[in-house]
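Take a look at the structure below.
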Amino acid sequence: MKLIQVEELTKNFRQAVKSPGLAGAVKHLFTQSYREKLAVDRISFSIEEGEAVAYVGPNGAGKSTTIKMLTGILTPTTGSIVVDGLVPYQQRTRNAKTIGAVFGQRSQLWYDIPIIESFSLIKDIYEVPSDVYKRNMDRFTEMLGLAEFLNLPTRKLSLGQRMRADLAAALLHNPKIIYLDEPTIGLDISVKVKIRQFIKELNKEQGTTIVLTTHDLEDIEDICRRLIIIDHGRILYDGSLQAVKDSFARERTFHVQLKEEAPQLAHIIRQHPEMILEEQQGRQLSIRFDRLRFTAGEILALVMQYGEIIDFRIDEPRIEQVIRKLYDGELELNQQLMGAYNR
Ligand SMILES: Nc1ncnc2c1ncn2[C@@H]1O[C@H](COP(=O)(O)OP(=O)(O)O)[C@@H](O)[C@H]1O
Ligand SMILES: [Mg+2]
């Protein structure tokens, strides 16, 4: 059985619209009018134990609404969700023992009490055995660098500290699944890297299933093999990250450092109809090419004809650029690509 099974899941928000002022309030008593928002529209997917899945899409796509239904915070309008044999919105308490959740926009910790006290309360609420608690606290403190602020209340923490504390809190009871809704939003790069590393290890070493929504597409390259793209409440793509890259990210950039300047080489690349000289600074060159047109070996051989190589590196395009184009409708995903994902 799949760990997470979602079928034809829909969430339609229905909000009463009020006219302003007293007249509006009185009128409201008699004639209710509603505004509807179809936030999630008949989505289906399933996730196996141990997978790390990136759930991405532009603002307002329906990501957080999906996560809230998965965690049991929201009740679906129609469709079904089963998580580890439970229906989250009907069995919230039991479901809570299986899952952890981190919402980048809002802390789950008590505002006014020291972090360490919050952790201790969570230990009691979730009935975490003392040895498990101690082991996890030691590990999290070390990996996430919690020691310096364990005695401070949440309200005194920086955003990066708060996020690390929230992450630890969500994992104290060793959940099978962790839902992370924009866990790196607004963080500086050093904290992001730390959090990514932590999540990655959690998945690799503990086998914890990860569902990650993020705006920061660098997060997903680091952590996830599978990608689900949602827009306007509909799933646009569900498949491997690599398949998307292979199809849409064919460009490679060859960066090379030569022993001496090689003006002739630069000239040849500039003249070449299928190569682009990205950058040249003295003995450094960057050459862009299509990996289906040339192999890296061919580029290397060409460069070696004109100069002695001291160092080189080949860059792939960032998935960031590819997915932006998908959102903007510049690329069309086809069924074949979806089918390329075989598990
Ligand atoms: N409680 C709510 N009431 C009404 N509309 C909502 C509510 N929550 C979210 N929405 C709307 O549903 C859509 C999806 O929101 P959300 O799931 O938060 O998107 P995302 O997390 O992908 O940015 C948006 O148009 C949002 O304005
Ligand atoms: Mg959101």
Side-chain angles (χ1 to χ4, degrees), residues 51-54 56 189 192-193 196-197 199-201 203-205 212 214 216-229 236-343:
E51 276 197 276
V53 180
V56 308
I189 189 74
K192 273 188 193 177
V193 169
R196 276 179 202 151
Q197 187 60 30
I199 297 170
K200 196 163 138 180
E201 280 200 35
N203 176 247
K204 282 241 163 74
E205 270 146 46
L212 169 69
T214 182
D216 193 323
L217 298 165
E218 274 184 46
D219 286 350
I220 69 178
E221 275 190 288
D222 242 18
I223 301 166
C224 306
R225 211 172 68 83
R226 176 171 166 199
L227 179 67
I228 299 179
I229 304 177
L236 291 184
Y237 177 75
D238 179 357
S240 86
L241 184 59
Q242 196 57 45
V244 172
K245 283 193 183 180
D246 288 349
S247 304
F248 298 119
R250 287 166 29 183
E251 270 176 23
R252 295 290 179 271
T253 308
F254 186 93
H255 303 276
V256 62
Q257 191 186 352
L258 299 168
K259 197 163 175 216
E260 282 158 29
E261 281 192 38
Q264 211 187 339
L265 173 62
H267 178 74
I268 283 175
I269 296 162
R270 273 201 202 91
Q271 298 304 312
H272 200 291
E274 290 175 297
M275 288 182 204
I276 295 166
L277 186 64
E278 278 261 288
E279 214 184 304
Q280 188 198 0
Q281 276 180 357
R283 297 176 292 129
Q284 314 245 17
L285 293 180
S286 297
I287 305 161
R288 206 163 74 198
F289 64 99
D290 181 338
R291 73 169 176 91
L292 297 186
R293 180 67 191 80
F294 301 102
T295 66
E298 285 168 340
I299 304 290
L300 189 65
L302 173 74
V303 174
M304 278 163 65
Q305 281 177 34
Y306 296 93
E308 194 177 321
I309 295 176
I310 291 181
D311 196 11
F312 75 93
R313 180 184 93 232
I314 299 166
D315 283 349
E316 294 186 354
R318 307 227 56 98
I319 192 68
E320 174 108 22
Q321 298 158 334
V322 178
I323 292 177
R324 293 265 169 258
K325 286 187 190 168
L326 285 171
Y327 294 170
D328 295 344
E330 284 173 38
L331 298 176
E332 218 164 284
L333 284 161
N334 57 38
Q335 288 304 319
Q336 200 185 345
L337 182 57
M338 302 267 285
Y341 186 62
N342 295 315
R343 274 174 293 142

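The analysis underlying the following values was restricted to heavy atoms, covering all of them including side chains, and did not include hydrogens, waters or symmetry mates. Computed from a predicted structure; not experimentally measured.
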Original post:
More than 12 non-hydrogen atoms from neighbouring residues, nucleotides or ligands closer than 6.0 Å to CD on Glu308, yes or no?
Top reply: no

Original post:
Which atom pair, heavy atoms only, marks the closest approach of Thr214 to Val56?
Top reply: O-CG1, 4.0 Å

Original post:
For the atom pair CG (Asp219) and NZ (Lys200), what is the distance rounded to the nearest 0.5 Å?
Top reply: 11.5 Å

Original post:
Taking Gln305 for the side chain and Leu302 for the main chain, is one N or O donor matched with an acceptor at less than 3.5 Å?
Top reply: no

Original post:
In chain order, what residues pass the salt bridge (charged side-chain N to carboxylate O under 4.0 Å, His left out) check against Glu260, with sequence neighbours excluded?
Top reply: none

**OP:** Test side chain to side chain contact (heavy atoms under 4.5 Å, CB included) on Arg252 and Ile299 and set out the steps.
**Re:** CA-CA 11 Å; Arg252 295 290 179 271; Ile299 304 290; over 6 Å; no

**OP:** Side-chain contact test, heavy atoms from C-beta onward, threshold under 4.5 Å: evaluate it for Ile309 versus Leu300 and give yes or no.
**Re:** yes

Subject >> Any residue meeting salt bridge (charged side-chain N to carboxylate O under 4.0 Å, His left out) with Glu278, in chain and number order, not counting sequence neighbours >> reply: Arg288

**OP:** Measure the OG1-CZ distance between Thr253 and Phe289 for me, rounded to the nearest 0.5 Å.
**Re:** 8.0 Å

Original post:
What heavy-atom pair brings Cys224 and Ala52 nearest, and what distance separates the two atoms?
Top reply: CB-O, 3.4 Å

Original post:
Closest heavy-atom contact between Leu285 and Ile269?
Top reply: CD1-CD1, 4.5 Å

Subject >> Partner residues of Gln280 under the side chain to side chain donor-acceptor pair (under 3.5 Å) criterion, sequence neighbours left out >> reply: Arg270

**OP:** Taking atom NE2 of His272 as the centre, report whether more than 12 heavy atoms of other residues, nucleotides or ligands fall under 6.0 Å from it.
**Re:** yes

Original post:
Roughly how far, to the nearest 0.5 Å, is CD of Gln284 from CG of Asp311?
Top reply: 9.0 Å

Subject >> Point-to-point distance, once rounded to the nearest 0.5 Å, from CZ of Arg225 to CD of Glu51 >> reply: 7.0 Å

Subject >> Interatomic distance, Arg250 atom CZ to Arg291 atom CZ [nearest 0.5 angstrom] >> reply: 7.5 Å

**OP:** Output the distance between atom CD (Glu274) and atom CZ (Phe294), rounded to the nearest 0.5 Å.
**Re:** 4.5 Å

Subject >> Pairwise side-chain contact, Val303 with Ile287, heavy-atom cut-off 4.5 Å (strictly under) >> reply: yes

Subject >> Note, Asp315 side chain near Glu251 side chain (heavy atom, < 4.5 Å) >> reply: no

Original post:
Parallel, tilted or perpendicular: which describes the rings of Phe254 and Phe312, with under 30° parallel and over 60° perpendicular?
Top reply: parallel

Original post:
At their closest point, which heavy atom of His255 faces which heavy atom of Ser286, and how far apart are they?
Top reply: ND1-OG, 2.7 Å

Original post:
Which pair of heavy atoms, one from Ala296 and one from Ile314, lies closest together, and at what distance?
Top reply: CB-CD1, 3.4 Å

